[in-house]
Amino acid sequence: MKTGIVITAAALGLALFAVPDAQAWWWNRGPDLDLRVSGSNFITSSTDGRPTPLGAVSTSMQSGIAKGKSGRPIFSAQTIIEAGGADSRCGVLPGAGLSTTAVFTYKDGSILSVTTDDDLSFYCFQPTVVDPDTGAPIAGIFSVEFEGTVTGGTRRFEGATGTWVGSAEAEGGRVTAHVEIDLD
């Protein structure tokens with residue numbers, strides 16, 4: 001009887017250490033980082049000193065705070081927004097691709113950076129206010145879908161790689177988002 005217990009324990013120990021990278025169904029609990037983001041959104045590109053008009057190629061900056069089980073990092077991001085037009089991912093709404101680079105900075109000094117895959121990330125635009133004379137949108141809601149890669153980090157995220165997905169909504173100067181990051 002003791003021999004059987006010893007052999008079983010040895011086999012179990014070997015299985016645990018011989019295949020350390022295997023993901024058991026009970027071990028994978030979802031994304032490593034699951035963050036709720038809120039902050040500000042500002043167009044930083046300009047035409048004649050005024051923010052680039054809606055629908056044109058533009059650059060915007062986002063910053064704010066995030067909450068998640070991994071802590072409460074601050075975030076900053078830069079997004080290049082392509083010219084809006086017909087986009088099958090948006091149904092009847094105008095939209096286009098975009099590219100974003102974001103950095104999450106934690107209180108302990110750890111930094112994690114991510115970037116989007118330009119072919120998989122896009123926005124759709126719902127106008128809420130239209131100029132009565134020209135019919136051009138003056139304000140609206142940007143709904144955004146992100147997908148990309150982890151590009152690195154420092155401290156606890158030193159050498160980090162992986163993938164991420166997210167969705168965001170920006171209206172006026174406000175932005176909210178949900179981001180899930182899977183580290184390799």
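Side chains are part of it too, since the values below use all heavy atoms of this structure and drop only hydrogens, waters and symmetry mates.
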Enumerate, atom names and distances included, each donor-acceptor pair closer than 3.5 Å involving a side-chain atom of residues 160-177, sequence neighbours excluded.
from, atom 1, to, atom 2, distance (Å)
T161, OG1, D184, OD2, 3.1
W164, NE1, T115, O, 2.9

Would you give the length of the straight line joining atom [atom1] of [X] to atom [atom2] of [Y], rounded to the nearest 0.5 angstrom?
| X | Y | atom1 | atom2 | answer |
| --- | --- | --- | --- | --- |
| F42 | Q62 | CZ | CD | 10.0 Å |
| M61 | Q78 | CE | CD | 5.5 Å |
| T100 | D117 | OG1 | CG | 11.5 Å |
| S121 | E82 | OG | CD | 11.5 Å |

Margin query: Run the side-chain contact (heavy atoms from CB on, under 4.5 Å) test on I141 and T128 for me, step by step, so that the C-alpha distance in whole Å, both residues' side-chain angles and the decisive distance to 0.1 Å come before the verdict.
Written below: CA-CA 7 Å; I141 301 170; T128 56; 4.0 Å; yes

Note to self: If hydrophobic residues (ILVMFWY) are linked whenever their side-chain heavy atoms come closer than 4.5 Å, directly or via other members, who joins V103 in its cluster?
What the structure shows: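 Listed partners: I111.
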
Closest approach of [X] to [Y] (non-hydrogen atoms, all atoms of both residues):
| X | Y | answer |
| --- | --- | --- |
| A96 | G84 | CB-CA, 4.2 Å |
| K69 | D32 | CE-O, 3.8 Å |
| D118 | S99 | OD1-CB, 2.9 Å |
| V57 | A83 | CG2-N, 3.6 Å |
| P137 | F125 | CB-CE2, 3.8 Å |
| V37 | F75 | CG1-CE2, 2.8 Å |

Margin query: Could you tell me if T59 and T44 have a donor-acceptor pair between their side chains, going purely by distance under 3.5 Å?
Written below: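 No - no donor-acceptor pair under 3.5 Å links their side chains.
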
Checklist line | Side chains of Q126 and S143, donor plus acceptor under 3.5 Å | finding: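 No, no side-chain donor-acceptor pair sits under 3.5 Å.
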
Next item on the list: Mark yes when over 12 heavy atoms from residues, nucleotides or ligands other than R72 sit less than 6.0 Å from its CZ; otherwise mark no.
Entry: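 No, CZ of R72 has 12 or fewer neighbouring heavy atoms, counting only those of other groups under 6.0 Å.
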
Could you tell me whether a side-chain N or O of [X] sits under 3.5 Å from a main-chain N or O of [Y], the two making a donor and an acceptor?
| X | Y | result |
| --- | --- | --- |
| Y106 | L112 | no |
| T154 | S110 | no |
| S45 | S58 | no |
| T105 | I74 | no |
| R155 | D108 | yes |

Note to self: Test of understanding: clusters of I, L, V, M, F, W, Y form through side-chain heavy atoms closer than 4.5 Å, transitively. Do F122 and V114 belong to the same one?
What the structure shows: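 F122 does not cluster with V114.
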
Note to self: Grouping I, L, V, M, F, W and Y whenever their side-chain heavy atoms are under 4.5 Å apart, do V144 and I80 come out in a common cluster?
What the structure shows: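 No, no single cluster joins them.
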
Next item on the list: For the residue pair F146 and L98, establish whether any side-chain heavy-atom pair is separated by less than 4.5 Å.
Entry: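 Yes - at least one pair of side-chain heavy atoms lies under 4.5 Å apart.
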
Item checked: Non-hydrogen side-chain atoms of V150 and F157 separated by less than 4.5 Å ->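 No, every pair of side-chain atoms sits at 4.5 Å or beyond.
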
Next item on the list: Apply side-chain contact (heavy atoms from CB on, under 4.5 Å) to the pair L35 and S70, showing each step before the final yes or no.
Entry: CA-CA 8 Å; L35 301 169; S70 63; 3.9 Å; yes

